[in-house]
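In what follows, a structure is listed as structure tokens, so that the remarks can point back to it.
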Amino acid sequence: MKGVIAGRAPAARVVDLTHGIPPQDVLAGALVLQHAAPYFPPGTIHVAVVDPGVGGDRKPLCVEMARAFLVGPDNGLLSLAAPPVEVRRIVHLADERFRLSPPSATFHGRDVFAPAAAALAAGTPARELGPELSAMDRLEVPAPIAEASTIRGEVIYVDHFGNLVTNVPEAALRGRALSIGLRGERVRGLARAYSAVAPGEPVAVINSWGLLEIAVRDGSARAVLGARVGDPVQVEVR
Amino acid sequence: MKGVIAGRAPAARVVDLTHGIPPQDVLAGALVLQHAAPYFPPGTIHVAVVDPGVGGDRKPLCVEMARAFLVGPDNGLLSLAAPPVEVRRIVHLADERFRLSPPSATFHGRDVFAPAAAALAAGTPARELGPELSAMDRLEVPAPIAEASTIRGEVIYVDHFGNLVTNVPEAALRGRALSIGLRGERVRGLARAYSAVAPGEPVAVINSWGLLEIAVRDGSARAVLGARVGDPVQVEVR
Amino acid sequence: MKGVIAGRAPAARVVDLTHGIPPQDVLAGALVLQHAAPYFPPGTIHVAVVDPGVGGDRKPLCVEMARAFLVGPDNGLLSLAAPPVEVRRIVHLADERFRLSPPSATFHGRDVFAPAAAALAAGTPARELGPELSAMDRLEVPAPIAEASTIRGEVIYVDHFGNLVTNVPEAALRGRALSIGLRGERVRGLARAYSAVAPGEPVAVINSWGLLEIAVRDGSARAVLGARVGDPVQVEVR
């Protein structure tokens, strides 16, 4: 992919965001992209490839927004970084002038997405990359459910350190979280930082995505609690 | 390595191709380099370091070709990316002006290969880096054997996803593959893409290197089939 | 982090040194930084984030030296790359103009260290990033103990390959090492290179950091010997 871009858009600066998304984990990729993209400067072209449907029916896309372009498969991967209100245009990357020919059936990153990103970087308008689409596949991240004294959420992402990121946003909790329950473990209140507890102890914080996160200080909450994406989380609130 | 290059060739753009080659796996490194190098623009300097013989007898090399330079150890790592007909010059990186002094015995990437690459990037002709050699160490990738109704190949590479790449090229198969056998598993015919089968099922495709690959949809063929490099593969053809 | 830097210091060249430091392993990060930094050109801004105390009491720092700037947490991570005699100024990164606002409690790499590095790259003097500190947290790497015929050291780092790096410097050994003992294994003398022994055999070399290292040829000394950081090493000398 980097070779294709270096050849077709020599002035483009390529940044590796992550190569650590677990295989086929479209949701993890979508969340990472959603939360990293806003920190890049305007005009950035984000290329994302978590693409188990490569070579099949799913379309290759370019999403044009005011701040950025997103390039990748139409499987939801781009959707969390592209709120509908910010999307100006969705393009099906069908024009063969902006593909390697013939594209392989297993690596559209190299053969379709990198050439499209290079074309954008070299100044080609997104609308020239193919026909416009009216919609894209969108992931549904489950919303937490607020009850009288409980917020019911779930783990939506586990990071490199084994920290458990939930779908419960800071706004739902500020000042009100009494305790957080996960897999039989109960964590008392929100801490300001991991270091508020002793090493090896579980701790709940608001993370850098603005979401409730359960961690184990100097350890892996995934390993210690045996937790994974989808596990329910109950927050007792006052 | 990047520090050395940044100091000696400040204008050079450095691209990370992969840091995922298994330790000491020269064949894996050679295959990845072979299949990635052609996608980079002319004049690219490819530095590759999978170098279990570092500090011993194996020579450090620069291979000059029309399209690119290859820099790395003389252990076969560069050989698949350097077909004999394309090689213009093989240079032994012996000139101490283009080495850190004294070079360590364990990290020629930093002390020998990076300075040589930086010299090339800064415009030094390859022939000035040391004396010319008449040959280099070459890996022998086993060739598949075609019989009346069977092609006998083997697994030559397992990728990050656990996909099993064989030595059987697309040209040997097109339209003729009836079934593929591997470790007692039998896969019916070639699919267009991974998504042609149900999740968890094995599937055979032509991959982005133009080779027959056995995968498991949304899974790891390495893990599911217990396969590894060297395992025989039988393709029944009509 | 890269997005923040790309936005605030577009001309800065960002180099990934490593993403392979084990979680929370401040000593490993400090050793890698210590031994890599001298190979980068003068004026390099090194940003290092191994930061289990993020969001707590530990201060964010910029260390100004003649050759380089170091940016990271005040937990010892920067200390091995910053010998006291080379430190010109230690700055507490407290000025909110050079932070994202408000900083998260879990990712100061993005919110504090990257903006500070970008400011330095864009020409802001270190002294403007916050108040000066008189000292920083320093790691104590244990020193080897020399006795009549034995040098007693220990494993201080295990690299990606499973090689065991000790705290015994080349200067203490040259020409005198008769045998090296580790976890009941005894290695005869120093070899010039890994390839001096048969595959699978343990071998002792001087590594690229100038330290005694115990490796297993074409294997992992960590796995074969069951060794880890802190294991004692005895070198019999003449």
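Letters A, B, ... are given to chains in the order of the sequence lines, protein chains preceding strands, and every chain is numbered from 1. A quick note: this is a predicted structure, and the numbers were derived from the prediction, not measured.
Residue B/Ala193 comes nearest to A/Ala105 through the heavy atom pair CB-O, 4.4 Å, listed as atom of the first residue, atom of the second, then distance.
To the nearest 0.5 Å, atom CG of residue A/Asn75 and atom OG of residue B/Ser195 are 11.0 Å apart.
Looking at heavy atoms from C-beta onward, A/Val54 lies in side-chain contact with B/Tyr194 at the 4.5 angstrom threshold.
Contact of A/Ile5 with chain B is not made at all, since no heavy-atom distance falls under 4.5 Å. Contacts between B/Arg217 and chain A at a heavy-atom distance below 4.5 Å are absent for every atom of the residue. Within the 4.5 angstrom heavy-atom criterion, no atom of A/Arg8 approaches chain B.
For B/Arg67, the CZ atom is densely surrounded, since the number of other residues' heavy atoms within 6.0 Å is greater than 12. Other residues, nucleotides and ligands contribute at most 12 non-hydrogen atoms within 6.0 Å of the CZ atom of B/Arg188. With a 6.0 Å radius and a threshold of 12 heavy atoms from other residues, nucleotides or ligands, A/Lys2 has its NZ atom above the threshold.
Qualifying ring pair (Phe, Tyr, Trp, His ring centres under 6.0 Å) partners for B/Tyr157, counting only residues two or more places apart in sequence or in other chains: B/Trp209.
Pairs passing the ring pair (Phe, Tyr, Trp, His ring centres under 6.0 Å) check and including a residue from residues 124-145 of chain A, sequence neighbours excluded, do not occur.
For residues 15-52 of chain B, the interface with chain A (any heavy-atom pair closer than 4.5 Å) comprises B/Val15, B/Asp16, B/Tyr39, B/Phe40, B/Pro41, sorted by residue number. Inspection of non-hydrogen atoms places no residue of residues 111-135 of chain A under 4.5 Å from chain B.
Contact count against chain A (heavy-atom pairs under 4.5 Å) is highest for B/Arg13 among B/Glu213, B/His160, B/Arg13.
Listed for the A/Thr106 side chain is a donor-acceptor partner under 3.5 Å among the backbone atoms of B/Ser208.
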